[in-house]
Amino acid sequence: MISNDAASLATQYDTIDRLSTRASVWRDTPDGRSPRRAALAAVVAAAPSDYLEIGCGTGEFVAEVSEALPEARIVATDRSETMALATARRGVLTQVALADDLPYADASFDVVYAGWMLYHVPDVNAALAEVRRVLRPGGTFVAATNGDRHLADLLTEAGGTRLLTGFSSENGEQQLAPHFGDIAREDFDTRAHFTDHAAAQAYLATFSPELADGLPPFEGEREYVGASTVFVARSPRA
């Protein structure tokens, strides 16, 4: 019931509301860690002069990068014109572009970030080759994604199945290895917190109205376990 085809993605990202609804439910791991903060820390630690974010969404993350790295050249892309416009309104140089066809010269950036978007790309290998191409030797690629267990309980309760994707916690390192070296990872058992049944339905409706309708009623608040990973990979030095 959750599809990655082009038409479905166009519908999912034709407004910022769906993405904002999804982001709003997430809480840290039980020991207080956050994949978003870890990704930002990895970007900042690399101290880029030139930074590229692909699949920037509403622009919240790249705006934080811009604030943390005021001297850096910051560039963002998204395949959705709606998302690109939302990001541009934050004062970030933004272009509509596909991850597997980046409109930049070779070795243009010190850091590239892809947050929770590579699983939407039809040809992940082509996208990773593009990331490697635009990275300078010794540059850093930071990629955040979800695992096969991510919200599996919620999805199955609603009558769906767990979501297995083309770039996940389970298969991400294997796909990064042909393009990058020195790959590190940090895994996170985050929590999705819903104040009530209606909030959980609203979340599921951002993917599929059928899933939302299929969720059995429950009383009070409820949490479901997520599974995310932040990969940090280095481009080989010349």
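All heavy atoms count here, side chains included; hydrogens, waters and symmetry mates do not.
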Under 3.5 Å, is there a donor-acceptor pair between the side chain of Asp187 and the main chain of Thr229?
-> no
Over 12 non-hydrogen atoms of neighbours within 6.0 angstrom of CZ in Arg149: no
Criterion side chain to side chain contact (heavy atoms under 4.5 Å, CB included) on Leu204 and Asp213, from CA distance to verdict
CA-CA 9 Å; Leu204 289 171; Asp213 292 341; over 6 Å; no
Scanning both residues in full, the closest heavy-atom pair of Ala227 with His150 reads N-ND1, 3.0 Å
Looking at Asp78 and Gly57, would you say the former's side chain and the latter's main chain have a donor-acceptor pair under 3.5 Å?
yes
So CZ of Arg162 and CG of Asp148: to nearest 0.5 Å the spacing works out to 5.0 Å
The reported gap from CZ in Arg191 to CH2 in Trp26 (rounded to nearest 0.5 angstrom) is 9.5 Å
Please step through side chain to side chain contact (heavy atoms under 4.5 Å, CB included) for the pair Leu69 and Val43, ending with a clear verdict. CA-CA 9 Å; Leu69 300 169; Val43 167; 4.3 Å; yes
* To do: Following the transitive rule for hydrophobic clusters with a side-chain heavy-atom cut-off under 4.5 Å over Ile, Leu, Val, Met, Phe, Trp and Tyr, establish whether Val225 and Val230 coincide in one cluster.
  => no
Tyr224 meets the side chain to side chain donor-acceptor pair (under 3.5 Å) criterion, sequence neighbours left out, with Glu157, Arg222
- Query: Do Phe207 and Leu164 share a hydrophobic cluster, counting only Ile, Leu, Val, Met, Phe, Trp and Tyr and linking them when any side-chain heavy atoms are less than 4.5 Å apart?
  - Reply: no
For Met117 and Ala99 the tightest heavy-atom approach is CE-CB, 4.0 Å
Residue set satisfying ring pair (Phe, Tyr, Trp, His ring centres under 6.0 Å) with His197, at least two apart, ordered chain then number -> Phe218
Rounding to 0.5 Å, atoms CZ (Phe61) and CG (Leu40) come to a distance of 4.5 Å
For residues 112-125, the salt bridge (Lys or Arg N to Asp or Glu O under 4.0 Å) pairs (sequence neighbours left out) are none
Quick note, salt bridge (Lys or Arg N to Asp or Glu O under 4.0 Å) partners involving residues 91-107, not counting sequence neighbours, are Asp106-Arg133
Exercise. Do any N or O atoms from the side chain of Ser66 and from the backbone of Val62 form a donor-acceptor pair under 3.5 angstrom?
Worked result: no
Shortest non-hydrogen pair, Ile183 vs Ala233, comes out as CG1-CB, 4.0 Å
Here the pair of heavy atoms bringing Val142 nearest to Ala42 is CG2-CB, 4.0 Å
Sequence neighbours excluded, the answer for side chain to side chain donor-acceptor pair (under 3.5 Å) partners of Ser108 is none
Heavy-atom closest pair (His179 atom, Gln175 atom, distance to 0.1 Å) is CD2-O, 3.5 Å
- Measure the shortest side-chain to side-chain distance between Leu154 and Leu211 over non-hydrogen atoms and say whether it is less than 4.5 angstrom. no
Do the ring planes of Tyr51 and Tyr113 sit parallel (below 30°), tilted (30 to 60°) or perpendicular (above 60°)? parallel
### Query
Yes or no on side chain to side chain contact (heavy atoms under 4.5 Å, CB included) for Tyr203 and Arg22, after CA distance, side-chain angles and deciding distance?
CA-CA 6 Å; Tyr203 178 89; Arg22 294 175 196 174; 3.8 Å; yes
| message | With a 3.5 Å distance limit and no angle check, can you tell me whether Gln201 reaches the backbone of Ala212 through a side-chain donor-acceptor pair? | response | yes
When rounded to the nearest 0.5 Å, the distance separating CZ of Arg89 from OG1 of Thr58 is 11.5 Å
Value for CD1 (Ile54) from CD (Gln95), rounded to nearest 0.5 Å, stands at 13.5 Å
Rounded to the nearest 0.5 angstrom, the OG-CG distance for Ser168 and Leu118 is 11.0 Å
Worksheet item: Is there side-chain contact between Arg136 and Ser235, with heavy atoms separated by less than 4.5 Å?
Response: no
Close side-chain approach of Leu102 and Leu52, heavy atoms under 4.5 Å: yes
Do the side chains of Leu98 and Val121 join up, straight or via other hydrophobic residues, at under 4.5 Å, putting them in one cluster?
no
Quick note, side-chain hydrogen bond (donor to acceptor under 3.5 Å, both in side chains) partners involving residues 28-41, not counting sequence neighbours, are Asp28-Arg37, Thr29-Asp31, Asp31-Arg33, Arg33-Glu186, Arg36-Glu64
Looking only at heavy atoms, the pair that brings Phe180 and Leu128 closest together is CZ-O, 4.1 Å
Can you tell me if Thr94 uses its side chain to pair, donor with acceptor, with the backbone of Val92 under 3.5 Å? yes
Once the angle between the rings of Phe109 and Tyr104 is folded into 0 to 90°, is it parallel (under 30°), tilted (30 to 60°) or perpendicular (over 60°)?
perpendicular
Donor-acceptor pair between Thr140 and Arg234 side chains, under 3.5 angstrom: yes
